[in-house]
Asks: 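Before I ask anything, let me first share the structure, which is written out below as structure tokens.
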Protein chains: 4
Amino acid sequence: MGAVRQDRRAELLGIAGRLFAERGFATTTVREIADAAGILSGSLYHHFDSKESMVDEILRGFLDRLRAAYERVLAERPDPRAALTALVTVSFESMDSDGDAIAIFQNEAAHLAQFERFGYLAEVAAELERCWLGVLERGQRDGVFRADLRVPLVYRFIRDTVWVAVRWYDPEGTLGAEEIAAQYLTILCQGIVAQR
Amino acid sequence: MGAVRQDRRAELLGIAGRLFAERGFATTTVREIADAAGILSGSLYHHFDSKESMVDEILRGFLDRLRAAYERVLAERPDPRAALTALVTVSFESMDSDGDAIAIFQNEAAHLAQFERFGYLAEVAAELERCWLGVLERGQRDGVFRADLRVPLVYRFIRDTVWVAVRWYDPEGTLGAEEIAAQYLTILCQGIVAQR
Amino acid sequence: MGAVRQDRRAELLGIAGRLFAERGFATTTVREIADAAGILSGSLYHHFDSKESMVDEILRGFLDRLRAAYERVLAERPDPRAALTALVTVSFESMDSDGDAIAIFQNEAAHLAQFERFGYLAEVAAELERCWLGVLERGQRDGVFRADLRVPLVYRFIRDTVWVAVRWYDPEGTLGAEEIAAQYLTILCQGIVAQR
Amino acid sequence: MGAVRQDRRAELLGIAGRLFAERGFATTTVREIADAAGILSGSLYHHFDSKESMVDEILRGFLDRLRAAYERVLAERPDPRAALTALVTVSFESMDSDGDAIAIFQNEAAHLAQFERFGYLAEVAAELERCWLGVLERGQRDGVFRADLRVPLVYRFIRDTVWVAVRWYDPEGTLGAEEIAAQYLTILCQGIVAQR
DNA sequence: CATGAATGAGAGTTCATTCAT
DNA sequence: GATGAATGAACTCTCATTCAT
């Protein structure tokens, strides 16, 4: 039945995702994916149209989940500071479930977005950006966040720090995503300078 | 004379660097570099042994300059907070002169470092890391920086934010590297939460 | 099944061998081999790792067969003159089955042996040389062969004559390998000067 | 004056000849020749039209000398056995002065002769062949050489042995060309089997 | 579903040759 | 005479993809 088929797809996408994340999309060959899956490269085409459609599926899945999570956060936390905390935490935590996709999105999105097929990447990115900007602007208006900071700049700093963390984050390591999020939030909110 | 030759090399490296930064090293073809330079692909080999030797030269130049700048900072600023400020500022400012190299280093170093020829990348990265860690640890010991933060984590946050900024930084834009550094330092040191 | 695959490999190796023998290894292009096989050059790499691995396989096959044949000769003929006759005959006869490989070995071995991968060529050559030298020395000791001849020199003369014959030998021609061997043995043993 | 120019040409041809002999014509690059001569590859074209014209000149010089030597032999020795001895000796001795050219002729003539420019190679080869065949036939007719041998076959055996010797002959070694010729003549005339 | 032979475009690189300086 | 930058064609090899079996 279709369930087995879906499982196989998911399994293959997992393998492909890991390799894309490790070696880059362009640098990973279809043969490497097939090798890792224990089949021949031609056989992959029974499951996917092309190498592109594999990244496509991987990225769509991740972005859908992320968007949903962000929307939930915004719906549940009217308070800007609580919302910011939740966005940061949710983002860091997604490294556990979607680490490969995050890495791929980080490393390849700019390049892929040039092609029509991946035009949605820019759209989703803009959507996600609006979530952050909304929270930051609201916080600034409410006097919760400092007024002397340029919100778009703050957003970029946060986004970069949060997502690039996949490069060194180890899901099996002792330092969990939650703790990393907590430390980052401390810095982000209070700074690293000791209080007098 | 050699000066002309050096100029031509530098010119070609500039073109190659721009393309490597934009499209990635593996994705950029030698023919594209040659096209951009207005010569044929084979002619590049009059100046460089290989595509690899081009990135090599680009990265070595950048890392040498950066290392020297960091050492100068450490030699001139005994005060941890002043040193941190200077390291951050120097790093952001290097985007103006070495933006392409930074982008290449960010995007390709992990991959390239696997090859013997690029083993030095890991070494230099470790050296640079020691600069930051030294400053942060000294600051923490002196009570200048909060004691409840894990220094290696703080280092990674800073490093990621500083270097990934090349992705959106525009050297011709209205927002200068210095101002970006200043804003980031405000966040990093005092946090984004408004003082009561 | 594997048999078909082996057949195809053998077929392609035959084509490659013929061209390598005719035009030389370096001068023969992969495209020429593919053209002669009626496929595209890239398709050859489905069967072989590289052009080098093609010669490798060709030479290994030939040398294995030749070594085995020489060993059989030495095992079956204790008499030096009979052994010499058999070695010469076996060698000439191998032109019928391994003409291309002989030509390649003659023309390329010295060059190829410089590369590590082909180091075995020198070893096998030395092994084959020992077969001939053993027979010649034994014959000289037994008084069957003239004592005033330098055995290493005699060996080289024989070796050169026997193997360079592939350059003009025509497997389809009226003069068979056996007859050529017989004529050469007459000269080699009795000389061309008429007996008084 | 022209003498200096001629000297330089000869010097460059010597270098080219050595490399062609060692590595093969196709495999030797113009740059290698230039490197060995201490100039840049482009500079070679002040002396020679092309790489081809270098081999051309090398081969022509050698073949002219050899033809003259053979004609002198035939003119001076009416006796077939003396003529044969002289041809063999002259040929072996030419390894001292023309070793590289002999090697090139051996290894490349068949290939080069396909091109119009090198059509003369086949002609000269035929001319040289006639010298040997004439002597052998005359000797057979006179009853000096055995009647049961096919002269064209004997010629090929001699030719191959004589010329392929360049592959192992060492002009600086202890074994001189003259002695090699003597040993070969012993075998060729009397055979290697001890007289009862 | 998978195999494996083949495609066809394009990759990095080499090299004989030219030519302005 | 020599330099050195450039040409242009050809080379080996890679790879996403197709398709008959």
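Throughout, a chain's letter reflects where its sequence line sits, starting with A, and its residues are numbered from 1.
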Asks: Describe the nucleic acid contact of D:T28 in one word from base, sugar-phosphate, nothing, applying a heavy-atom distance below 4.0 Å.
Replies: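 Counting heavy atoms under 4.0 Å across all strands, the contact made by D:T28 is with sugar-phosphate only.
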Asks: So, do A:H111 and A:F118 sit near enough that their side-chain heavy atoms are less than 4.5 Å apart?
Replies: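 Not in contact.
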Asks: Applying a 4.0 Å non-hydrogen cut-off, can you work out what B:S41 is touching in the nucleic acid: base, sugar-phosphate, or nothing?
Replies: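 Base, at least one base heavy atom under 4.0 Å.
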Asks: Counting only side-chain nitrogens and oxygens, does B:R8 get under 4.0 Å of the OP1 or OP2 atom of F:dA6?
Replies: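 It does, given that an N or O in the side chain of B:R8 lies less than 4.0 Å from OP1 or OP2 of F:dA6.
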Asks: Can we say D:R8 and D:E11 salt-bridge, meaning some charged N sits less than 4.0 Å from an Asp/Glu carboxylate O?
Replies: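 Counted as a salt bridge, because a side-chain N and a carboxylate O are separated by less than 4.0 Å.
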Asks: Between F:dT21 and E:dC1, how far is it from one C1' atom to the other, in whole Å?
Replies: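 Here F:dT21 and E:dC1 have their C1' atoms 13 Å from each other.
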Asks: So B:L40, base contact, sugar-phosphate only, or nothing? Heavy-atom distance under 4.0 Å.
Replies: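 Here B:L40 touches the bases of the nucleic acid.
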Asks: I need the CE-P distance between B:M54 and E:dA11, as an integer number of Å.
Replies: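 Result: 14 Å.
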Asks: With the side chain of D:V30 defined as its heavy atoms from C-beta on, choose the nearest nucleotide among E:dG12, F:dA5, E:dA16.
Replies: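 Side chain of D:V30 sits closest to E:dA16.
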Asks: Once you round it to whole Å, what is the distance between P of E:dA11 and CD of B:E52?
Replies: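 Whole-Å distance recorded here is 17 Å.
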Asks: Starting from C1' on E:dA16, measure out to CD1 on D:I39 and report it in whole angstrom.
Replies: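 That distance rounds to 15 Å.
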Asks: In whole Å, what is the span from the CZ atom of B:R9 to the P atom of F:dG4?
Replies: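 About 13 Å, once rounded to whole Å.
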Asks: Given F:dA6, E:dA2, E:dT7, identify the nucleotide with an atom nearest to the side chain of C:S43.
Replies: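 From the listed options, E:dT7 comes nearest.
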Asks: Quick check on DNA chain F: between B:G38 and C:T27, whose nearest nucleotide comes earlier from the 5' end?
Replies: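 Final value for this comparison: B:G38.
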Asks: When all nucleic acid strands are considered with a 4.0 Å heavy-atom cut-off, which category describes A:T29: base, sugar-phosphate, or nothing?
Replies: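 Sugar-phosphate: the residue A:T29, judged by heavy atoms under 4.0 Å, touches backbone atoms but no base.
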Asks: Tell me, do B:Y120 and B:D56 make a side-chain contact under 4.5 Å, heavy atoms counted?
Replies: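 They are in side-chain contact.
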Asks: Under a 3.5 Å cutoff on both atom distances, Watson-Crick or G-U, what's the dot-bracket for DNA chain F ([ ] crossing, | other strand)?
Replies: .||||||||||||||||||||
Asks: Picking from A:V166, A:I58, A:L121, A:V124, what satisfies side chain to side chain contact (heavy atoms under 4.5 Å, CB included) with A:F105?
Replies: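 Answer after filtering A:V166, A:I58, A:L121, A:V124: A:L121.
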Asks: Calculate the interatomic distance between B:F48 atom CZ and E:dT13 atom P; express it in whole Å.
Replies: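 Going from CZ in B:F48 over to P in E:dT13 covers 13 Å.
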Asks: For the side chain of A:H46, starting at C-beta, report the closest nucleotide among F:dT17, E:dC1, E:dT17.
Replies: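 Among F:dT17, E:dC1, E:dT17, the one nearest the side chain of A:H46 is E:dC1.
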Asks: Let me know the distance between CD of C:E32 and P of F:dC11, rounded to the nearest Å.
Replies: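 Rounded to the whole Å, the gap is 7 Å.
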Asks: Determine whether D:I33 and D:F20 make a side-chain contact, defined as any pair of heavy atoms from C-beta on separated by less than 4.5 Å.
Replies: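 Of all side-chain heavy-atom pairs linking D:F20 with D:I33, at least one is under 4.5 Å.
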Asks: Would the distance check show the side chain of D:R18 and the main-chain N or O of D:D100 forming a donor-acceptor pair, the cut-off being under 3.5 Å?
Replies: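 Here the side-chain-to-backbone pair does not exist.
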Asks: Reckon D:H47 has a side-chain N or O less than 4.0 Å from the OP1 or OP2 of F:dA2?
Replies: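 For F:dA2, OP1 or OP2 has a side-chain N or O of D:H47 closer than 4.0 Å.
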Asks: A:K51 NZ to F:dC15 P: how many Å, rounded?
Replies: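 Atom-to-atom, A:K51 to F:dC15, this comes out as 9 Å.
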Asks: In whole Å, what is the span from the CG atom of A:D35 to the P atom of F:dT14?
Replies: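 Result: 14 Å.
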Asks: C:Y45 or B:G42: which one's nearest nucleotide on DNA chain F is closer to the 5' end?
Replies: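 The 5'-side residue here is B:G42.
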Asks: Restricting to non-hydrogen atoms, name the atom on C:A36 and the atom on C:I15 that form the minimum distance, rounded to 0.1 Å.
Replies: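 Of all heavy-atom pairs spanning C:A36 and C:I15, the closest is CB-CG2, 3.5 Å.
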Asks: Can you check whether C:Q106 reaches C:R167 side chain to side chain, under 4.5 Å on heavy atoms?
Replies: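 Not in contact.
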Asks: With DNA chain E as reference, determine whether C:L12 or B:R31 sits nearer its 5' end, using the nearest nucleotide of each.
Replies: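 The residue mapped nearer the 5' terminus is C:L12.
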